[in-house]
Amino acid sequence: MGRRDFVSLFAVTVRFTLRRRWKLALAVFILGAGVAALSLTTDVNVFATEIERMAEAEQEPSTEEIEAIAGNAFLFFINELLRFLFLSGVIIFGLAVPGGLVARERRSGAIMLWAQHPSSLVRFYGRRFLAMQSANFPVQLAFALLAGISALGLGEGAGGATSAGAEVMILGLLTCSLSFGISAAGIRRSSFAGIGYILLSQILLLLFADGSPLARGFGEYAANVAPFALFPAIATLTSATEGFQAAAGWDWGAAGIVLYHFALWPVLAALALRRVERRPIPL
């Protein structure tokens, strides 16, 4: 594939991706803007702060305190709901960018188009994957900026804002790689499979966490292997980005896990494409 063909394929893939997913991106952006606006205009942490203060005081709250807490509870609930929907939207958008591309084209026979170019199947779809991530990157950057603004509104400072934005950016880019790898394995509904895999990963990582009864004996070996086989926990992503804060050092173990998963899914996709290259159309 010549340079002109590569540029053409790259541009077509970027336009196609953005044209199909712009409504979803807009919906997630609106949710993120809501979280940022709420954080900047109100003190959404008053509820949690008051509950903690009352627990430490170990005394019955007055009627006025109960009414104030009840009023702040609704605001806290709305903020947490919007934050959950925003992070879920970031994940869903990342998963939806590839949209089962390889599996769908293999099923329809369109995968044979790569044979028109003097290039391997891995390179052909690798370039399309790079184009998808290029379309995904500016959208995730916008989401990351909203997450950073929200952190500033909560008083996190520049370091905390950068950490929050980096966490969202990593989450969005990593889920795109995950979805592409699942699609390359022949699963058409890669977004749904990705959501299932992420949810299962979070549950299993919680079960095998340090101090859990399951993380003993043979379970200890499973707990050591789990971070390499399962999607990183949100806490791991947070730890991997805390180094942007001046008071916190880099957690190189968490950063290594994140980098490992960034490399894992493209490698698995390449292996799956090598297998498809030998027999592109299933008999």
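One is the number of the first residue; the rest follow in order along the sequence.
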Check: Okay, side chain of H261, backbone of L230: is any donor-acceptor separation there less than 3.5 Å?
Finding: yes

Note to self: Does any part of the side chain of S177, heavy atoms only, come nearer than 4.5 Å to the side chain of Q133, both counted from C-beta?
What the structure shows: yes

Note to self: Under 4.5 Å between side-chain heavy atoms, counting indirect links through other Ile/Leu/Val/Met/Phe/Trp/Tyr residues: same cluster for F137 and L26 or not?
What the structure shows: no

Next item on the list: Look at atom CZ of F262 and say whether more than 12 heavy atoms of other residues, nucleotides or ligands are closer to it than 6.0 Å.
Entry: yes

Margin query: Ignoring hydrogens and geometry beyond distance, is a side-chain donor-acceptor pair present between S163 and E242 at under 3.5 Å?
Written below: no

Check: Do Q140 and I170 have side-chain heavy atoms sitting under 4.5 Å apart?
Finding: no

Checklist line | Shortest non-hydrogen separation from S150 to V35 and the atoms involved | finding: OG-CG1, 3.4 Å

Next item on the list: Look at the side-chain heavy atoms of Ile, Leu, Val, Met, Phe, Trp and Tyr, link any pair under 4.5 Å apart, and say whether V90 and L81 land in one connected group.
Entry: yes

Note to self: Once rounded to the nearest 0.5 Å, what's the spacing between atom CG of L87 and atom CG of L171?
What the structure shows: 7.0 Å

Check: What is the distance from atom CZ of F228 to atom CG of L264, rounded to the nearest 0.5 Å?
Finding: 11.0 Å

Check: Between CZ of R189 and OG of S183, what distance do you get to the nearest 0.5 Å?
Finding: 12.0 Å

Check: Are any of the side-chain heavy atoms of W22 and V139 separated by less than 4.5 Å?
Finding: no

Check: I203 and L205: same hydrophobic cluster, using ILVMFWY side-chain contacts below 4.5 Å?
Finding: yes

Item checked: Smallest separation among heavy atoms of S39 and N79, with atom names -> OG-OD1, 4.1 Å

Next item on the list: Treating Ile, Leu, Val, Met, Phe, Trp and Tyr as nodes and any side-chain heavy-atom pair under 4.5 angstrom as an edge, say whether L174 and L199 lie in one connected cluster.
Entry: yes

Notebook entry, point to check: Do the rings of Y197 and W265 sit parallel, tilted or perpendicular, given the 30° and 60° boundaries?
Noted result: perpendicular

Margin query: Tell me the closest heavy-atom pair linking T175 and I91, and the distance in Å.
Written below: OG1-O, 3.8 Å

Item checked: Approximate separation, where rounding is to 0.5 Å, of F231 CZ and I257 CD1 -> 12.5 Å

Checklist line | Shared hydrophobic cluster for L259 and W252 (ILVMFWY, side-chain gaps under 4.5 Å) | finding: no

Item checked: Test side-chain contact (heavy atoms from CB on, under 4.5 Å) applied to S88 - qualifying residues, sequence neighbours left out -> F84

Item checked: Gap separating the CG atom of L152 from the CG atom of L40, nearest 0.5 angstrom -> 7.5 Å

Check: What is the distance from atom CD1 of I92 to atom OG of S179, rounded to the nearest 0.5 Å?
Finding: 12.0 Å

